[in-house]
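To start, the structure itself, in structure tokens.
Side chains are part of it too, since the values below use all heavy atoms of this structure and drop only hydrogens, waters and symmetry mates.
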Amino acid sequence: MSATSNDFRVMTSGAFTAAHLALIPQLERLTRKKIITASTSIGKGESSIPNRLKRGEVVDIVIVSDAVLRQLIADGLVLAEGHALVARSTIGMAVRAGAPKPDISTIDALRRTLLEAKSIAYSASVSGQYLTTELVQRLGIADQVLSKCRFAGAGERAGAVVARGEAELGFQQMSELLPVPGIAHITPLPLEVQKVTSFAAGVAASCPDAALARSVIQFLSAPEAAQAITNSGLEPSVS
């Protein structure tokens with residue numbers, strides 16, 4: 001995708017998308033450029049953020065989970081200087097609008113709900129990795145549950161699969177479930193098995209103005225951005 005000197009290009013994973021979109025007017029005032037949202041999913045395959053960066057797309061900042069950002073820095077795709085934590089995210093579960101509210105208030109209730117569900121959707125994000133490689137194993141139900149799990153695929157949100165009636169339950173970051181129409185009863189996992197993920201912003205190696213990009217990252221990690229981040233279902237990195 002081409003870029004112009006009047007654009008400021010952002011690649012963000014889905015968890016930070018709602019906050020990013022809400023902050024665009026402030027970002028445009030700060031940068032005096034048009035904010036271009038180049039990606040809203042970490043995804044997999046050729047369209048994933050890492051692969052687009054490897055192909056040399058011109059990007060100013062990248063917002064992904066802290067672990068992914070550190071790998072992008074190690075790969076030389078994001079600069080080591082100027083990155084910062086911007087938010088923390090928890091995982092939730094949702095059902096289709098109008099469906100009964102499952103009980104996941106305790107570990108035993110969560111285990112029972114997963115065992116009774118006919119189908120479960122998950123995404124390519126950290127929430128999907130956690131569900132399929134850690135959570136069901138900790139609950140001792142991997143053999144019974146994994147065969148019912150469905151990968152949403154190609155950057156699609158798990159909530160969208162649930163809204164279409166193609167899965168009974170959907171698991172994803174709370175901030176990625178909240179904006180999806182057609183789902184309800186968005187409930188966080190019990191604290192004992194909750195996974196909190198930090199999200200960070202960094203300057204892309206292809207960024208034409210690193211100083212400007214660093215100023216945007218400073219803004220995203222400052223109190224001025226905190227309300228939009230909170231409204232999106234995330235916890236700001238600032239206290």
Side-chain angles (χ1 to χ4, degrees), residues 1-43 47-66 68-70 72-73 77-89 125 155-157 159-160 172-181 197-239:
M1 191 178 295
S2 62
T4 74
S5 60
N6 294 322
D7 297 337
F8 187 92
R9 295 173 57 78
V10 178
M11 284 189 177
T12 177
S13 62
F16 200 79
T17 297
H20 161 68
L21 295 176
L23 288 166
I24 282 178
Q26 291 164 269
L27 295 178
E28 291 188 333
R29 287 194 293 271
L30 173 63
T31 62
R32 297 183 181 180
K33 294 177 181 287
K34 179 176 177 59
I35 302 299
I36 302 297
T37 307
S39 178
T40 59
S41 174
I42 187 70
S47 63
S48 69
I49 289 176
N51 281 331
R52 292 177 66 173
L53 293 174
K54 289 175 184 176
R55 289 198 296 270
E57 284 196 33
V58 177
V59 182
D60 291 282
I61 66 169
V62 179
I63 308 168
V64 290
S65 71
D66 186 50
V68 171
L69 191 78
R70 291 182 184 280
L72 295 176
I73 292 172
L77 302 174
V78 170
L79 302 182
E81 303 79 20
H83 67 280
L85 295 176
V86 295
R88 289 178 288 271
S89 177
S125 66
E156 184 175 36
R157 293 182 176 182
Q172 202 156 10
Q173 306 294 329
M174 293 284 288
S175 61
E176 293 188 73
L177 290 172
L178 287 170
V180 177
T197 301
S198 293
F199 285 82
V203 181
S206 59
C207 174
D209 188 342
L212 180 62
R214 285 193 293 270
S215 71
V216 170
I217 293 171
Q218 290 174 354
F219 167 76
L220 293 175
S221 59
E224 290 77 8
Q227 190 60 57
I229 292 172
T230 299
N231 292 346
S232 76
L234 296 169
E235 179 184 346
S237 60
V238 293
S239 57

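For the pair Pro50 and Leu72, the minimum side-chain heavy-atom distance is below 4.5 Å. Considering only heavy atoms from C-beta on, Thr37 comes within 4.5 Å of Ile24 through its side chain. Within the 4.5 Å cutoff, the side chain of Phe16 has no heavy atoms near those of the Val64 side chain. Here the side chains of Leu178 and Ser232 are not in contact, with every heavy-atom distance at 4.5 Å or above. Between Gln173 and Leu234, every side-chain heavy-atom pair lies at or beyond the 4.5 Å cut-off. Residues Pro25 and Ile35 form no side-chain contact, since every pair of their non-hydrogen atoms from C-beta on lies 4.5 Å or further apart. Contact check for Leu212 versus Lys33: side-chain heavy atoms found under the 4.5 Å cut-off. Side chains of Lys54 and Leu77 form a contact here, defined as non-hydrogen atoms less than 4.5 Å apart.
Atoms CD1 and OG1, from Ile49 and Thr12 in turn, are 6.5 Å apart once rounded to the nearest 0.5 Å. Taking CE of Met11 as the reference point, atom CD of Glu57 lies at 4.0 Å (rounded to 0.5 Å). Taking CG from Leu27 and CG from Leu220, the interatomic distance works out to 5.5 Å, rounded to the nearest 0.5 Å. Separating the OG atom in Ser206 from the CZ atom in Arg55 is a distance of 12.0 Å, to the nearest 0.5 Å. Atom CG in Asp66 sits 11.5 Å away from atom CZ in Arg88 (nearest 0.5 Å). Between atom CG of residue Asn6 and atom CZ of residue Arg32 there is a gap of 13.0 Å, rounded to the nearest 0.5 Å.
Legend: residues meeting side-chain contact (heavy atoms from CB on, under 4.5 Å) with Ala210, ordered by chain and number and at least two apart, are Leu79, Val203, Arg214.
When all heavy atoms are compared, the tightest approach of Val58 to Pro208 is CG1-CD, 4.1 Å. A pairwise comparison of heavy atoms in Arg52 and Ala38 identifies NH1-O, 2.9 Å as the closest pair. Across every non-hydrogen atom of Val59 and Ala204, the tightest pair is O-CB, 3.2 Å. The minimum heavy-atom distance linking Asp60 with Cys207 is given by the pair OD1-SG, 3.4 Å. Among all heavy-atom pairs drawn from Ala87 and Ile229, the shortest one is CB-CG2, 3.9 Å. Of all heavy-atom pairs spanning Phe199 and Ser65, the tightest one is CD2-N, 3.4 Å.
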**Q.** From CA spacing to verdict: side-chain contact (heavy atoms from CB on, under 4.5 Å), Val78, His83
**A.** CA-CA 9 Å; Val78 170; His83 67 280; 5.5 Å; no
Q. Would His20 and Ile61 count as a side-chain contact (heavy atoms from CB on, under 4.5 Å) if you check the C-alpha gap in whole Å, the side-chain angles of each, and the deciding distance to 0.1 Å?
A. CA-CA 12 Å; His20 161 68; Ile61 66 169; over 6 Å; no
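Remark: side-chain polar atoms of Ser175 are paired, donor with acceptor, to backbone N or O of Ala15 under 3.5 angstrom. Side-chain N or O atoms of Ser221 include none that pairs as donor or acceptor with a backbone N or O of Ala84 at under 3.5 Å.
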